[in-house]
Each structure stands twice: as C-alpha cells, then as structure tokens.
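Heads up: the structure comes next, in structure tokens.
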2 protein chains.
Amino acid sequence: MEKAASPRASDIAYDKIRQFVLSGRAEPGQQLTEEQLARISGVSRTPVREAVRRLENELLIVRSDSKRLFVADWSADDIDEMFVLRGMLEGHAASRAARNISARQIEELGRISDLLDAAVRCSPPDVTAFLAQNRRFHEIILEAARSPRLSAMLPMLVEQPVVRRTAAQYKTEELLQSAREHRELIAAFTARDSHWARAVMTSHIRRAFHVFSSTAKRHKEQRQAND
Amino acid sequence: MEKAASPRASDIAYDKIRQFVLSGRAEPGQQLTEEQLARISGVSRTPVREAVRRLENELLIVRSDSKRLFVADWSADDIDEMFVLRGMLEGHAASRAARNISARQIEELGRISDLLDAAVRCSPPDVTAFLAQNRRFHEIILEAARSPRLSAMLPMLVEQPVVRRTAAQYKTEELLQSAREHRELIAAFTARDSHWARAVMTSHIRRAFHVFSSTAKRHKEQRQAND
DNA sequence: CGATAGACATTTGTATACAATACCGTCAAG
DNA sequence: CTTGACGGTATTGTATACAAATGTCTATCG
C-alpha cells in the first residue's frame, strides 16, 4: 500500500466532487449547492465547504458575484492559455528537476517509459494506460523539481473534464512521438542539462497542445455535421 | 466607495491573519492554532478555517505532516524561484494585457505613474507610497490580462513578510529607474505591442530581484556584524 | 403592460458541541 | 542511557442548529 488514504471526510468530499465535475456528469455552468454536494459525497456541509475551497482554487468550480457555486466553463482562450502556462511552468519544472533529480527517480522514469512504450505497442494502443503513466511521469518530474510553488500551481493547469479529453482521438504515431520525447527528457536529466530538459519539455507540451487542438476541432466539426 | 468590504467573518479572519503573518509579528516556523487565530481575529474557528485554507494556498501558512499549522519559512532558494516565476508570469500577464487593455485602464496607469514619480521626487522619497502605487500598477495589468489563472497564481508570488521587505533599502536612483520602466510599459501598451510589454516586464522584475537580493545580502552582513 | 415592493423560499455563513486524532511527558524495561 | 508503551492534554475534524443573505415569485401601482 503506497499511501493509505486518510479517511478524512473532507478528502472524500474532495475526491467525489472532483470526479463528479471531471467525469462530465456535471454540466459546465451548472449550479451546485453545498447540500447537493454533501448528499453526493455522503458527508455534512462542513467538509464539503473545505473541499469546495480547494476545487475553487484549482478553478474547477467558480463562485458567482455572490457566493453561489457553479461548475467551471472554460472558453477556447482559457484552454489555449492553460497550455501556454503549462509550457512555461513545466519547462521550468524540468529545468529544476535536471538539477535536483535523484538516480532513483531517473530509474523510476525509465520504468514508466517502458510502460508507456508497452501501452503504445498494443493494438489497439491502450490509451487509458498511456495517459495514466504519462501523468505519473510528469508527477515525478514535479516532485524532483522540489518547488512548493510549482506543486501548488501546476494542478490548476492539468485537469480537464473528460468530455474534452476524450475529444482527442490519439493516433499511434502521435503516441510514439510522445513516448520518444519522454525518453529524451530522461536523457537530458541523466546529463543534468537543465536547458535541454526545459527545451524538450516545452516542445513536448506545445506539441500536445496542437494534437489536442486539431482533434478537438475535428470533433467539433463532426458534432456540427450531426446537427 | 469603490468596493465595500463585505463584513464576512471569514474575510475579516483572512485579513487579520494575513497581516499577522506578513507584519512579522509571527515568527517564521512558529506554530499557529486555530483557536489562537480565532482569538486574534475575533471570530469563531469555522471562518478561521476558511481563511487558513486560502492562506495555505498562497503558501503563507504551511501544514505539517498532519494538519498542524505553521507560519511559512522561506529559504533563499524559495525567494529566488519566486522571482523567476514572477518574471515568467508577469511577463505573460503584460503580454496579454497589451492585447486586451482598455483605453480607460491605460489612463489609470498614467495617473498611477504620476503618483510614482511624485513619491520619488520627495526628499526623502516616500517609499511606502511608492510601494503602494507600484502594487496598484501591477494589479491593473493583471486585471487587464483577463486571465483567471494568472489572477489565481500571481498572489502566491508577490507577498513577502515585512521583515524581508524592509531589508531592502531603496536608493533614489533605483526608484527612478523603476518609475521609468513603468512609463515604458505604458508605451508598450499604447502601441499594443505584446512582445515589447513582455520584455519590459520581465526585465523590470529581474532588476527588482537584483536590487532586493543585494540589499538583503547587505542587511544580512550587518546583522552578522552585530553578533 | 411594465416596474417595483414585499413576502417567501433557497442558499450560504457562523457558532458551538462533540468526536477523532496527534502530540508529549512519564515511566518501566532492556 | 536508550527505547518503547501508555495515558493525559492539546489540536484538529465533523455535524448540526441557527442566522444572514440572496434569489424568486406575486400582487399592486403607475
């Protein structure tokens, strides 16, 4: 058991509400009441309020002029900017990680990279596994960057409702390229070259943006065709 | 009356605790208990908890392994990184602001710039007024950037306990240069040149870092001499 | 017909009591 | 002298009741 989840009610509420929002069961823009969220998560309003505060900071939930809660609804500009900021901040994280990462962590990245390759080589590629390992890869880099500020800021930028995520239909070639970039990051870390690491990471995020953005557009056109 | 402060207890608690920490009355690393904070701010523990969550997100307060609260204690590396991140993010904010800022906001920046000049021209220069107007200047740019994410992230990077802030003994020449940079930012905004705005802002923050860092070092040497 | 005031319903905000947990000093055994 | 178990105390976590505020609907007036 890696880390036993504390049975704290506010954590339970946090997880449930987060999942409720990210899974797409909650409509963007929809109003949420504390009591409703309390029912969903099976705890009282007090821990729900704590959870809501956290989700509000991650911008998954927003508050109206006065204090009513709504599921966040992101514009195209919001999404674009998230990728821009991610590029800057994850680039910075990679740069710091190149200086601070331990041998143990580099090995771990290597193992994850093997799993990424495995997920791609399946036919059809196991996208779910790929995304899960990809997330772990980036988490380890964030950890290696040893910056409380980055650790507080990046979570605001990575999460996207599943409706958007699934809009991206990944092609094998794109996944392979992504896996290659992970390998190159490991090379940069091994060489302790912070500039190299930053450049690879920035490029990695920007490429992901364009993959996302083109498949999202394609997805949107298809929906419009159905109307 | 620009914006009437809601008499919400949690806001009161937020302000009071924030001031308590930033004013230096609280020792870095010192433990804080919710009850103590409730006494200080004159409300019950419930709103205190909300306020603490917010301050925790701004990294002014940290939580131990399990849930005890402490005043944040920043290392030199923390401070350095704060300036690096501020450079990136405020640069980005300036870039967006150059695209989105309104004529009305540019005028406002001009007025503030006049006040900055006035604060410097006094003898001795009115550093307090200068810092206050400087803050307002940057707030307007952040507003003009129209990015909820930047608005959520930058507050993590700007605040520093007064003990550190007062360590910087500003020279008139430095204040003048800073005022000049503000004017140049206005020029970049007027020209709607996002690259120019970003460059000036990045340079502005980096210069501030070096001013801060050299005076902090001087300050530290003086303290050591006294021991 | 539109606007507005006022009563009612819904939702958020706060205080308090109590439960669960973590910390710390003491003491006993190795 | 160190180590580890125990119990009291301090601190945080949760539920609930109630207060304040916001939104909404309707009836009345211009």
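Computed from heavy atoms alone, side chains included, the values below leave out hydrogens, waters and symmetry copies. If you're wondering where the values come from, they're calculated on a predicted model, not measured in any experiment.
- When the P atom of C/dT11 is taken as reference, atom CD1 of A/Ile61 falls 15 Å away, rounded to whole Å.
- Note: CD (B/Glu34) to C1' (D/dG13) measures 8 Å, nearest angstrom.
- No donor-acceptor pair under 3.5 Å is formed between the side chain of B/Arg18 and the backbone N or O of B/Ala13.
- For the side-chain contact (heavy atoms from CB on, under 4.5 Å) test with A/Leu157, the passing option among A/Leu85, A/Leu59, A/Val84, A/Ile205 is A/Leu85; the others fail.
- To the nearest angstrom, P of C/dT11 lies 15 Å from CZ of A/Arg63.
- At whole-Å resolution of the value, CZ in A/Arg8 and C1' in D/dA15 are 16 Å apart.
- Under a 4.0 Å N-O distance rule, the pair B/Glu159/B/Arg135 qualifies as a salt bridge.
- The CD-P distance, from B/Glu35 to C/dT16, rounds to 11 Å in whole Å.
- Using a cut-off of 4.0 Å between Lys/Arg side-chain N and Asp/Glu carboxylate O, A/Lys16 and A/Asp11 are scored as not salt-bridged.
- Atom CG in B/Leu69 sits about 11 Å away from atom P in D/dT11, given to the nearest Å.
- The side chain of B/Lys67 lies closest to D/dT12, out of D/dT22, D/dT12, C/dG13.
- Residue B/Ser10 places at least one side-chain N or O under 4.0 Å from the OP1 or OP2 atom of C/dT14.
- Using a 4.0 Å cut-off between a side-chain N of Lys or Arg and a carboxylate O of Asp or Glu, A/Glu35 and A/Arg45 do not qualify as a salt bridge.
- Residues from residues 41-54 of chain A that place a heavy atom under 4.0 Å from any atom of DNA chain C, listed by number: A/Arg45, A/Arg49.
- When heavy atoms are screened at a 4.0 angstrom cut-off, A/Leu37 is found touching no nucleic acid atom at all.
- Note on ring orientation: taking the six-membered ring where Trp is involved, the planes of B/His182 and B/His138 are perpendicular (angle over 60°, cut-offs 30° and 60°).
- Between A/Ala208 and A/Phe83, the shortest heavy-atom contact is C-CE2, 4.3 Å.
- A salt bridge between B/Asp77 and A/Arg146 is absent, with no side-chain N of the basic residue lying under 4.0 Å from a carboxylate O of the acidic one.
- One axis for each end of the helix from C/dC1-D/dG30 to C/dG30-D/dC1, each built from five base pairs, and the angle between them comes to 30° at 10° resolution.
- Distance from the side chain of A/Arg68 is smallest for D/dG23 among the nucleotides D/dG13, C/dC23, D/dG23.
- If you take CG of B/Asp65 and C1' of D/dT11, they are 13 Å apart, rounded to a whole angstrom.
- Checked for salt-bridge contact, A/Glu50 and B/Arg53 meet the test: a charged N lies under 4.0 Å from a carboxylate O.
- When the P atom of C/dT10 is taken as reference, atom CD of A/Gln31 falls 13 Å away, rounded to whole Å.
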